[in-house]
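Scope of the values below: all heavy atoms of this structure, side chains included, with no hydrogens, waters or symmetry mates. Each residue takes its place number in the sequence, starting with 1.
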Amino acid sequence: MALKNKGLLIVFSGPSGSGKDTVLGELKKRDINMKQSVSVTTRDIRDGEVDGVDYYFTDVQTFEKNIEEGYFLEYVKYGSNYYGTPKKRIEELIDGGSNVVLKIEVEGAGNVRRVFPDAVSVFIIPPSMEELEKRLKGRGTETEESFRNRLDIAKEELKRACEYDYIVVNDSVSACADRVCAVIEAETFKYTRMKALVDNMK
Ligand code: 5GP
């Protein structure tokens with residue numbers, strides 16, 4: 001029987017306004033080996049979100065019980081809410097050869113790298129600071145204060161780009177998605193990941 005390689009664990013981050021959600025949406029439309037992990041959160045469900053699709057929505061008590069039970073690969077308290085990545089499903093998918101993408105913030109990304117050093121981390125950036133400001137303003141939902149606040153957070157997050165393996169510029173959604181696909185493709189064929197297959201042929 002042909003030997004099957006394990007899937008990649010892909011950590012996907014980017015500051016607010018980088019367009020990472022749109023890029024992820026574009027990748028999901030493509031016929032590639034990539035499944036997105038569904039995180040658990042204690043934050044309120046937003047309009048248009050679906051429980052079990054966007055997140056598993058839960059309460060603080062259940063979340064904290066899950067932490068004690070070792071349910072999460074990583075978790076953070078972001079603002080006043082918990083966010084966590086369920087471990088078991090991800091391990092099953094990766095062992096079965098699926099690439100799994102985690103859309104998480106920078107703190108969680110660091111935690112994933114500690115427990116999963118083999119993870120591939122991708123940081124999406126806008127083409128310029130001017131473009132980032134334009135995108136944040138373009139949302140139209142921002143007061144001047146919340147715009148400034150988001151901009152400050154984005155600047156702080158950008159400082160941590162150096163912790164990632166790949167920096168991908170989102171100047172156009174489709175070009176950015178192409179670049180992420182190129183990263184996934186190249187990582188898949190690294191010798192360290194192909195070794196078992198090669199050894200099996202000796
Ligand atoms: P939002 O509340 O806007 O959906 O997400 C807020 C931030 O939490 C985003 O940066 C998102 O990527 C991040 N996030 C979502 N799920 C997880 C998770 O399971 N772990 C970590 N560390 N961050 C997450």
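Looking at residues two or more places apart in sequence or on another chain, you find a side-chain contact (heavy atoms from CB on, under 4.5 Å) between N33 and S98, N99. Every residue was checked against the ring-ring contact (aromatic ring centres under 6.0 Å, His included) condition with Y75, not counting sequence neighbours, and none meets it.
A heavy-atom distance below 4.5 Å is not found between the side chains of F72 and K87. Side chains of I124 and C176 form a contact here, defined as non-hydrogen atoms less than 4.5 Å apart. Counting heavy atoms from C-beta on, the side chains of M129 and L158 come closer than 4.5 Å. When side chains are defined from C-beta on, V11 does not count as touching V122, because their heavy atoms never get closer than 4.5 Å. By the 4.5 Å heavy-atom criterion applied to side chains, V23 and K20 are not counted as neighbours. Between L9 and D118 the shortest side-chain heavy-atom distance does not fall below 4.5 Å. Under the 4.5 Å side-chain criterion, counting only non-hydrogen atoms from C-beta, K134 is in contact with E131. Counting heavy atoms from C-beta on, the side chains of L132 and L151 come closer than 4.5 Å.
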**Item:** Chi angles and distances behind the side-chain contact (heavy atoms from CB on, under 4.5 Å) call for E74, V115
**Value:** CA-CA 9 Å; E74 65 76 40; V115 288; 5.8 Å; no
**Item:** Steps toward side chain to side chain donor-acceptor pair (under 3.5 Å) verdict (Q36, K28)
**Value:** CA-CA 8 Å; Q36 186 176 351; K28 280 199 244 170; 2.8 Å; yes
**Request:** Let me see the working for V100 and L8 under side-chain contact (heavy atoms from CB on, under 4.5 Å), right down to the final yes or no.
**Result:** CA-CA 6 Å; V100 178; L8 305 172; over 6 Å; no
**Request:** Apply side chain to side chain donor-acceptor pair (under 3.5 Å) to R89 and S37, showing your working.
**Result:** CA-CA 8 Å; R89 180 78 186 123; S37 160; over 6 Å; no
**Prompt:** Under the salt bridge (charged side-chain N to carboxylate O under 4.0 Å, His left out) criterion, do D171 and R179 qualify, and how do the steps go?
**Reply:** CA-CA 11 Å; D171 44 0; R179 291 172 193 135; 2.9 Å; yes
**Message:** Could you walk me through whether E68 and K65 satisfy the salt bridge (charged side-chain N to carboxylate O under 4.0 Å, His left out) test, starting with their C-alpha distance in whole Å, then the side-chain angles of each, then the deciding distance to 0.1 Å, before giving a yes or no?
**Reply:** CA-CA 5 Å; E68 278 168 33; K65 191 165 161 276; over 6 Å; no
**Request:** Dump the intermediate steps for salt bridge (charged side-chain N to carboxylate O under 4.0 Å, His left out) on R30 and D178, then the final yes or no.
**Result:** CA-CA 10 Å; R30 298 186 179 191; D178 289 346; 2.7 Å; yes
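For the pair K35 and L93, the tightest heavy-atom approach, listed with the atom from each and the gap, is CD-CD2, 3.6 Å. For L27 against C181, the heavy-atom pair with the smallest separation is CD2-SG, 3.7 Å. Shortest non-hydrogen contact noted between G17 and R135 is O-CD, 3.1 Å. Across every non-hydrogen atom of S18 and N170, the tightest pair is O-ND2, 2.7 Å. In terms of heavy-atom proximity, Y83 sits nearest to F63 at C-CZ, 3.6 Å. Heavy-atom minimum distance, F123 versus P15: CZ-CD, 3.6 Å.
Exactly one of I153, D21, L136 qualifies for a side-chain contact (heavy atoms from CB on, under 4.5 Å) with S16. That residue is L136.
Hydrophobic clustering keeps V101 apart from F116 (ILVMFWY residues linked when any side-chain heavy atoms are closer than 4.5 Å, directly or through intermediates). Hydrophobic clustering (side-chain heavy atoms under 4.5 Å, transitive across Ile, Leu, Val, Met, Phe, Trp, Tyr) keeps V76 apart from V40. In the hydrophobic clustering of this structure, I10 does not group with V38; members are Ile, Leu, Val, Met, Phe, Trp, Tyr whose side-chain heavy atoms approach within less than 4.5 Å, directly or through other members.
E64 and Y82 share a donor-acceptor pair across their side chains, judged by distance under 3.5 Å alone. Residues S13 and Y164 have side chains that bring a donor and an acceptor to within less than 3.5 angstrom of each other. At a cut-off of 3.5 Å, with distance as the only test, a side-chain donor of S121 or R113 sits close to an acceptor on the other residue. Side-chain contact check for N149 and S146: no donor-acceptor pair (N or O, by modelled atom type) lies under 3.5 Å.
Around the CD atom of E185, the shell of radius 6.0 Å holds no more than 12 heavy atoms that belong to other residues, nucleotides or ligands. The local environment of CD in Q61 is sparse, with at most 12 non-hydrogen atoms from other residues, nucleotides or ligands closer than 6.0 Å. Annotation: Y56, atom OH; neighbour count of heavy atoms from other residues, nucleotides and ligands within 6.0 Å does not exceed 12. Environment of CG in D59: crowded, with over 12 heavy atoms of neighbouring residues, nucleotides or ligands closer than 6.0 Å.
E145 and R148 are not joined by a salt bridge, as no carboxylate oxygen comes within less than 4.0 angstrom of a charged side-chain nitrogen. Here R160 pairs with E107 in a salt bridge; the nearest charged N to carboxylate O distance falls below 4.0 Å. The pair D152-K155 does not meet the salt-bridge criterion, since no charged nitrogen lies less than 4.0 angstrom from a carboxylate oxygen. Contact check on K88 versus E91 returns no salt bridge, with no Lys/Arg side-chain nitrogen under 4.0 Å from an Asp/Glu carboxylate oxygen.
Remark: the backbone N or O of E187 is paired with a side-chain donor or acceptor of R193 at under 3.5 angstrom. Side-chain atoms of D51 come within 3.5 Å of backbone N or O of F57 as a donor-acceptor pair.
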